[in-house]
Every structure is written in C-alpha cells, then in structure tokens.
Amino acid sequence: MGKVVLVTGVARQLGGRLVRRIQRDPEVDRVIGVDAVRPGHRLGGAEFVQADIRQPAIAKVLAEHEVDTVVHMDVTGTPLSSGGGRTTVKETNVIGTMQLLGACQKSPTVRRLVVKSSTSVYGSAPRDPAVFTETTPPKSLPSGGFAKDAVEVEGYVRGFARRRPDVAVCVLRFANILGPSADSPLAEYFSLPVLPTVLGYDPRLQFVHEDDVIDVLRIAAGEPRRGTLNSGTFNVAGEGVLLLSQCSRRLGRPTVPVLLPAVRWVGTALRTVGVTDFSPEQIRLLTHGRVVSTAQMRETLGYEPQYTTAETFADFARSRGPGLLPPDSLARAVDRVAGLPFAPFPGGALAGTTTPSNAE
C-alpha cells in the first residue's frame, strides 16, 4: 500500500498545486485535501474533505483515512477571501496548528509531518547578522502579524517533535514567496501603483519562486533520497539578493520615501486599501531587510532551486504588468545620466575629473 498524504490549506492556489503534484508520485496512493472552504480550483484525483482544522474533527479525518504523512500548508499571512480578517488568519495559523498537532500526536498511523513556515521568524532588526542560519537566534522576536504566528507555530511543532520522536518532522522556512499567483502580503505591497519606502533605508530582500516551493514540499513529504536528510529545519530561498530600490525599478513603480516615525500612519492607510498584513514586522522588513543562508537546503536536503531571487522577481513582475515608469525607459534614462561627462555634487561642485576616491 502506498502513502496516504493529507494536505491542509488546499483552497489556496499553492495548496491546490501541491495536491495535484504529489498525486503523480508513484509512492503516493491517496491524497486527502482539507480546508474550511471548498476550493475554486481542481484537485485532480484527490479527495476533498471540508473541515476546519481549528476544530477537533480533524482528528477523525486522520483516523478515517489512516493518514501517514501530513503537509501543513494552512499557515499564511493573508485571508482567503475579503470576508476574512486578521483575527481569522491568526486563529487558523495558531489554534488550527495546535488542533492539527494534537490530532497527529494521537494518531498511530502518522509517520511524517511537514510544516510550511517562514524566514520571518528571524525578525528584522538594525543589528541583525548579515546572513541568518537555521540556528541563529533573532535579535528581537517578532511582536505581531504573520511573523509572530510563525514563531508560535514553530514552538508548537518543536513540542510535538519531542512528544512524538518516532515522527519525522520537517519545517521549511520559506523566504518571501513570489510568482504569477502569489498572494502574500509582500506581493500585495509590490502590486501597489506607488511603493511607500522608509527614508534612508534600502533593505536587502530574498525571494523564492512558487514552483520551487512546490518542489521542496514534495521532497520533504517523501522518503529521503540517498545522501540526503529531509527531517529538521531548512531555510528555502533563491540564490542572491535584491535591494528594494532594484525591485521598484524592475517593476516600474515609483517610490515615496516616508520618515520612519510616520510609517505607522502609512501602514494604517495601506490596510485601509486592502494590504492586509502591513504590520510592524512587515515595516521592519522593508526597513532592515533579511537574508538567510540556504547551505543546509542544498547540502542536507539536497535541493537546488530552479529560480534565483532575481529570476523569481522577474517572473512576478511580468505577471503584474507595466508600472507607471516603464523599466526599459527608466534603464535607458539611468544609462544616459551615467554616461554624462560630469555629475552634480552637493554644494554645487562638479565632478569633471576622476580621483582615486570616486573612481569606483
């Protein structure tokens, strides 16, 4: 008999894609998709069970289907529909995870658990290290929003792993997920016609493509390949980084620098227009940035992403259409300015000659 895989959060595009993908694996016999609402997309040959993971009934689903692998995808920062809100999202993330882990702990058939988490658990602070590894403690724990939810979720998962050492547990900390169908808070931010930024800051950002997310989750849900280990905690991101200013230029969207004390007002305004999780933690990310090491993903998990950070963002930008400032025209204008024989300096001085100090 093949594996029986249960996937939560299948009403979202990412969860639906994962369900359709793992059905093609020869070692998988059945796939059970679970969500509180019926998905608007197809799930292939998977069986859909309409159940709220915040309720104890999820334990009956595990028992009835004799599930041996659970992939917990229902940890997210945005509501599924306009009728949802931050409270519903938090309850699903935290209380839903507690109920699901409680059901897994009681289930005699569960042998593998995969949890979708986020690099936001590291927070964003001015004194952060240049690169976070999986064992680097955050300088300050996230105080709200999806980042705090992810910290709480991982805490419950660690407790479950201690109580059920016979279950292989894999926590995947994804960088900001982008792609044509991305629905993350950062994707909402980049879809704005004008991007508010923090004056004086140009943070480094990492992205992971939604196609790579599916591939990594599939690897984590299966048996480890020879020479690899798919139990533990792994950072998942595309190679390289982008500055926020580079992102805005590639989108063709102008930026509006805002003084740091006024950013909270901007966050309130953005939530008013539908950017649901423009929380203090999101603001900190757009101020200080965050970069993580993916050495363990490559060396231990054995996965090499198809897309770099830059390629991921390029695919996302194509799906959003041209901004107010066409990137090609903007690039040509920058090139023309760079080619001028002199450039203005503060105080009215002109750089007509090249000195060792400005040769770079």
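All of these numbers come straight from a predicted model, not from anything done at the bench. Side chains included, hydrogens not; waters and symmetry mates left out as well; all remaining heavy atoms used.
Under the 4.5 Å side-chain heavy-atom criterion for Ile, Leu, Val, Met, Phe, Trp and Tyr, V241 and V236 are members of distinct hydrophobic clusters. No path of Ile, Leu, Val, Met, Phe, Trp and Tyr side chains, each step under 4.5 Å between heavy atoms, connects V153 with V121, placing them in separate hydrophobic clusters. Hydrophobic clustering (side-chain heavy atoms under 4.5 Å, transitive across Ile, Leu, Val, Met, Phe, Trp, Tyr) keeps V75 apart from V151. The hydrophobic clustering, which links ILVMFWY residues whose side-chain heavy atoms are closer than 4.5 Å, places I95 and L62 apart. Hydrophobic cluster membership differs between V292 and Y307, with clusters built from Ile, Leu, Val, Met, Phe, Trp and Tyr side chains linked at under 4.5 angstrom.
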Start with the C-alpha gap between E91 and T87, add the side-chain angles, then the distance that decides, and say whether side-chain contact (heavy atoms from CB on, under 4.5 Å) holds.
CA-CA 6 Å; E91 288 180 355; T87 301; 3.8 Å; yes
Given the rule in the side chain to side chain donor-acceptor pair (under 3.5 Å) test, do Q306 and D215 qualify, once you have shown the distances and angles that lead to the verdict?
CA-CA 9 Å; Q306 302 176 51; D215 288 343; 2.6 Å; yes
Walk me through it: do S231 and R112 pass the test side-chain contact (heavy atoms from CB on, under 4.5 Å)?
CA-CA 9 Å; S231 298; R112 180 171 294 278; 4.0 Å; yes
Working note: F313 + L205, criterion side-chain contact (heavy atoms from CB on, under 4.5 Å); need CA distance, chi angles, decisive distance, verdict.
CA-CA 10 Å; F313 194 80; L205 302 173; over 6 Å; no
Would you sort out whether C104 and R164 count as a side-chain contact (heavy atoms from CB on, under 4.5 Å), showing the intermediate values?
CA-CA 9 Å; C104 291; R164 284 292 302 269; over 6 Å; no
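Here the shortest heavy-atom pairing between N230 and C170 reads O-CB, 3.2 Å. Considering every non-hydrogen atom in both R320 and S191, the closest pair reads NE-OG, 2.9 Å. Contact detail for E47 and H65: the closest heavy-atom pair is OE2-CE1, 3.2 Å. Across all non-hydrogen atoms, the minimal contact from E223 to E27 is N-OE2, 3.8 Å. For the residue pair G16 and L43, the shortest heavy atom distance occurs at CA-CD2, 3.9 Å. Nearest heavy-atom pair across S117 and A150 is OG-CB, 4.2 Å.
In this structure, R38 contributes its side chain and D35 its backbone to no donor-acceptor pair below 3.5 Å. Here the side chain of H209 pairs a donor or acceptor atom with the backbone of D211 at under 3.5 angstrom. Not a single donor-acceptor pair under 3.5 Å links the side chain of Q50 to the backbone N or O of V37. Checking side-chain atoms of Q296 against main-chain N and O of E134 turns up no donor-acceptor pair under 3.5 Å. Looking at R204, its side chain does come within 3.5 Å of a backbone N or O of A130 through a donor-acceptor pair. Here the side chain of E281 pairs no donor or acceptor atom with the backbone of F146 at under 3.5 angstrom. In this structure, the side chain of Q23 engages the main chain of A46 through a donor-acceptor pair within 3.5 Å. With hydrogens and angles ignored, the 3.5 Å screen pairs no side-chain donor or acceptor of S245 with any backbone N or O of D202. With R111 contributing its side chain and D166 its backbone, the two residues share no donor-acceptor pair below 3.5 Å. A donor-acceptor distance shorter than 3.5 angstrom exists from the side chain of D68 to the backbone of V4, with no hydrogens or angles considered.
How far CG of L195 is from OG1 of T255: 7.0 Å, rounded to the nearest 0.5 Å. The distance from atom CG of L172 to atom NZ of K116, rounded to the nearest 0.5 Å, is 10.5 Å. Remark: I283 CD1 to H288 NE2 distance equals 10.5 Å, nearest 0.5 Å. Distance check, rounded to the nearest 0.5 Å: CD of E239 to OG1 of T312 gives 11.0 Å. Rounded to the nearest 0.5 angstrom, R318 CZ and L251 CG are separated by 12.0 Å. Taken to the nearest 0.5 Å, the OH atom of Y189 stands 12.0 Å off from the CG atom of N176.
The closest side-chain heavy-atom distance from V10 to M73 is not below 4.5 Å. A heavy-atom distance below 4.5 Å is not found between the side chains of V114 and H72. The closest side-chain heavy-atom distance from V213 to R17 is not below 4.5 Å. Side-chain contact check for Y303 versus T228: every heavy-atom pair is 4.5 Å or farther apart. Between V49 and K60 there is no side-chain heavy-atom pair separated by less than 4.5 Å. Counting heavy atoms from C-beta on, the side chains of T92 and T76 never come closer than 4.5 Å. You'll find the side chain of V7 reaches within 4.5 Å of the side chain of I22, heavy atoms only. Counting heavy atoms from C-beta outward, P305 and R298 have side chains that approach closer than 4.5 Å.
Exactly one residue among V171, L101, V71 makes a side chain to side chain contact (heavy atoms under 4.5 Å, CB included) with L113. That residue is L101. Here the options are D74, T88, V94, the test is side chain to side chain contact (heavy atoms under 4.5 Å, CB included), and the partner is R54; only T88 passes.
Between E152 and K90 there is a salt bridge, since at least one side-chain N of the basic residue sits less than 4.0 Å from a carboxylate O of the acidic one. Look at D128 and K139 and you find no salt bridge, because none of the NZ, NE, NH1 or NH2 atoms lies under 4.0 Å from a carboxylate O.
Applying the ring pair (Phe, Tyr, Trp, His ring centres under 6.0 Å) test to F132 and every residue at least two apart in sequence or in another chain returns Y122. The side-chain hydrogen bond (donor to acceptor under 3.5 Å, both in side chains) search around T309 returns none, not counting sequence neighbours.
The aromatic rings of F190 and F207 lie perpendicular to each other, with more than 60° between the two planes, well past the 30° mark.
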